[in-house]
Undergrad: 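Take this structure first; my questions come after.
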Number of protein chains: 2
Amino acid sequence: METEQSSYLPVSQEQKALPKNDSYKNVPDKKIIRELGLKVTQQRLLILDIVRNGPNHFTAQEIYEVVTEKNPDVGFATVYRFLKKLSEQHFVTEVRMGGMPARYEWAAKKHHDHLTCTRCGSIVEFENQKIEDLQEQIADRHGFRLTHHILELYGLCGECQNQ
Amino acid sequence: METEQSSYLPVSQEQKALPKNDSYKNVPDKKIIRELGLKVTQQRLLILDIVRNGPNHFTAQEIYEVVTEKNPDVGFATVYRFLKKLSEQHFVTEVRMGGMPARYEWAAKKHHDHLTCTRCGSIVEFENQKIEDLQEQIADRHGFRLTHHILELYGLCGECQNQ
DNA sequence: GATGGTATTGAAAATCATTATTAATAGTAA
DNA sequence: TTACTATTAATAATGATTTTCAATACCATC
């Protein structure tokens, strides 16, 4: 059990932990953008709509592609900038693995973690309250106040185990 | 609970799960390199020595710097290439967060997870057998055979909670 | 111990996701 | 509507990681 100082500090500022449920389900996009302390723009409305109602486990690139189908004039950087804001405030969860582009998902809904097959890439979402509780206990024990976590299980799915 | 197909497939090949203990502690570097199916070279011996006995939670860059102190002729790419091999076979664990360079650590020792302060960057290592067991149960329930996992808790440490 | 085939290497260039820059534009408070 | 400022699109820049390729080092076999 050791504590050390890292030279690369994570770049998150606000540490408000979002509720781990779907209490944001009926909150309009505009309100969420204002809650982020940002101005409501057409671009952000469009991006947020797709983030909330589009495909799950998306990359910035994928969002960009869907966005430009509806409005070809939206830029790359705008998508990245807004996704970053959303993930800083934990409205979306960011997961990076290997050297792949980061994947995001709308987090202000029922919380869950992932079980990923490293062979075929299939993803199973699961939730386990016991693990959540244990995590809180561990944090308490070390004087931490949790804001979020990443739990990703990797292995072979049933199919891939039989080649 | 949904299953989906991802277009970006993880690039790991062998799926042998390493034992979650320090059973490799007394295995010589040479043997480990051969176990990876690689030739034993001076560069790999040097890198592996530092990975096993040097600082914990290191970046590729940090390893490179220590390596070149002892042998200035070792290249960047060699460090990256070898780290990748090691992490593909789960001899080192790779964790990426935010846009920061990936951090690695020697994994073939007692297993543990991390509790990280997002403000000051301090890291606490912990182990929790109950969580490990629950993870196995979850995998079983979905027909998966686990090879590894990432559990990273983020929050504010006691000090940072008081500004 | 020498030899030859092949994996490995260093150096530099290439890649690719992400971020910064900047002049132009759009949101919004008054 | 006006005026102020945040936001934007386009593009260049960044920075970590990977690839390329000719030169070299391993190591099984002689």
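Below, read A as the first sequence line, B as the second, and so on, with proteins coming before strands; counting in each chain starts at 1.
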Undergrad: Which whole-number value in Å describes the distance from B:Tyr64 OH to D:dT17 P?
TA: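 Distance check: B:Tyr64 OH to D:dT17 P gives 14 Å.
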
Undergrad: Please report the distance, rounded to the nearest Å, between CZ in A:Arg96 and P in C:dC16.
TA: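 Checked: the CZ to P distance equals 17 Å.
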
Undergrad: Name the one of B:His57, B:His111, B:Lys110 that satisfies side-chain hydrogen bond (donor to acceptor under 3.5 Å, both in side chains) with B:Glu125?
TA: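 With B:Glu125 as partner, B:His57, B:His111, B:Lys110 yield a single side-chain hydrogen bond (donor to acceptor under 3.5 Å, both in side chains), made by B:His57.
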
Undergrad: Keeping A:Ser87 on the side-chain end and A:His90 on the backbone end, is there a donor-acceptor pair under 3.5 Å?
TA: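 Checking the backbone N and O of A:His90 against the side chain of A:Ser87, no donor-acceptor pair under 3.5 Å is found.
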
Undergrad: So does B:Glu105 pair up with B:Arg103, basic N to acidic O under 4.0 Å?
TA: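 Looking at B:Glu105 and B:Arg103, the cut-off is not met.
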
Undergrad: C:dT19 phosphate, OP1 or OP2: any side-chain N/O from A:Tyr80 under 4.0 angstrom?
TA: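 False: A:Tyr80 side-chain N/O out of range (4.0 Å or more) of C:dT19 OP1/OP2.
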
Undergrad: Does any residue of residues 65-72 of chain B have a heavy atom under 4.0 Å from DNA chain C, and if so, which ones, in number order?
TA: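 Per residue number, the list is empty: none.
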
Undergrad: Without swapping roles, check the side chain of B:Thr41 against the backbone of B:Arg44 for a donor-acceptor pair under 3.5 Å.
TA: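 Flag set: sc B:Thr41 to bb B:Arg44 pair under 3.5 Å.
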
Undergrad: In whole Å, I'd like the distance from the CZ atom of A:Phe58 to the P atom of C:dA17.
TA: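 Interatomic distance, CZ of A:Phe58 to P of C:dA17: 17 Å.
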
Undergrad: Summarise protein proximity over nucleotides 22-30 of chain C in one line of letters, 5' to 3': B for base, S for sugar-phosphate only, - for none, counting protein heavy atoms closer than 4.0 Å.
TA: -----BS--

Undergrad: Could you tell me how the ring of A:Phe126 sits relative to the ring of B:His142: parallel (under 30°), tilted (30 to 60°) or perpendicular (over 60°)?
TA: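 Answer is tilted, since the angle falls between 30° and 60°.
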
Undergrad: Could you pull out all residues at least two apart from A:Tyr64 that satisfy ring pair (Phe, Tyr, Trp, His ring centres under 6.0 Å)?
TA: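 With neighbours one apart ignored, the set is A:Phe76.
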
Undergrad: Find the distance B:Ile47:CD1 to C:dT8:P and express it as a whole number of Å.
TA: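 Interatomic distance, CD1 of B:Ile47 to P of C:dT8: 12 Å.
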
Undergrad: Tell me every residue that passes side-chain contact (heavy atoms from CB on, under 4.5 Å) with B:Arg52, counting only those two or more places apart in sequence or in another chain.
TA: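 For B:Arg52, the residues satisfying side-chain contact (heavy atoms from CB on, under 4.5 Å) (neighbours in sequence not counted) are B:Asp29, B:Ile32, B:Leu48, B:Trp106.
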
Undergrad: Could you check which of D:dT17, C:dT18, D:dT7 has an atom nearest any side-chain atom of A:Arg44?
TA: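 Nearest to the side chain of A:Arg44 among the choices is D:dT7.
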
Undergrad: Has the side chain of A:Glu62 got a donor or acceptor atom that lies under 3.5 Å from a matching backbone atom of A:Thr59?
TA: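 The answer is yes, because a donor-acceptor pair under 3.5 Å joins these two groups.
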
Undergrad: Is A:Glu132 paired with A:Lys130 through a side-chain N to carboxylate O contact shorter than 4.0 Å?
TA: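 Judged by the 4.0 Å cut-off on N to carboxylate O distance, A:Lys130 and A:Glu132 do not form a salt bridge.
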
Undergrad: Checking contacts here: which listed nucleotide (C:dT18, D:dT18, D:dA10) is nearest the side-chain heavy atoms of A:Ala77?
TA: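 Looking only at side-chain atoms, A:Ala77 lies closest to D:dA10.
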
Undergrad: Please state how far atom NZ in B:Lys85 lies from atom P in D:dT19, giving the value in whole angstrom units.
TA: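 Computing the B:Lys85:NZ to D:dT19:P distance gives 11 Å.
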
Undergrad: Are the side chain of A:Asn53 and the backbone N or O of A:Asp49 linked by a donor-acceptor pair below 3.5 Å?
TA: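 Yes, because the side chain of A:Asn53 sits within donor-acceptor range (under 3.5 Å) of the backbone of A:Asp49.
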
Undergrad: Applying side chain to side chain donor-acceptor pair (under 3.5 Å), which residue pairs with at least one partner in residues 152-162 of chain B are found, sequence neighbours left out?
TA: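 For residues 152-162 of chain B: B:His114-B:Glu152.
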
Undergrad: Could I get a table of every N or O pair under 3.5 Å where one atom is in the protein and the other is in nucleotides 12-15 of chain D?
TA:
none

Undergrad: For B:Phe82 and C:dA7, what is the distance between atoms CZ and P respectively, to the nearest whole Å?
TA: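 Result: 17 Å.
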
Undergrad: Roughly how many Å is it from CD in B:Gln61 to P in D:dT17, rounded to a whole number?
TA: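 Going from CD in B:Gln61 over to P in D:dT17 covers 9 Å.
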
Undergrad: Just how far, in rounded Å, is C1' of C:dT8 from CG of B:Leu46?
TA: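 Those two atoms, CG and C1', are 15 Å apart.
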
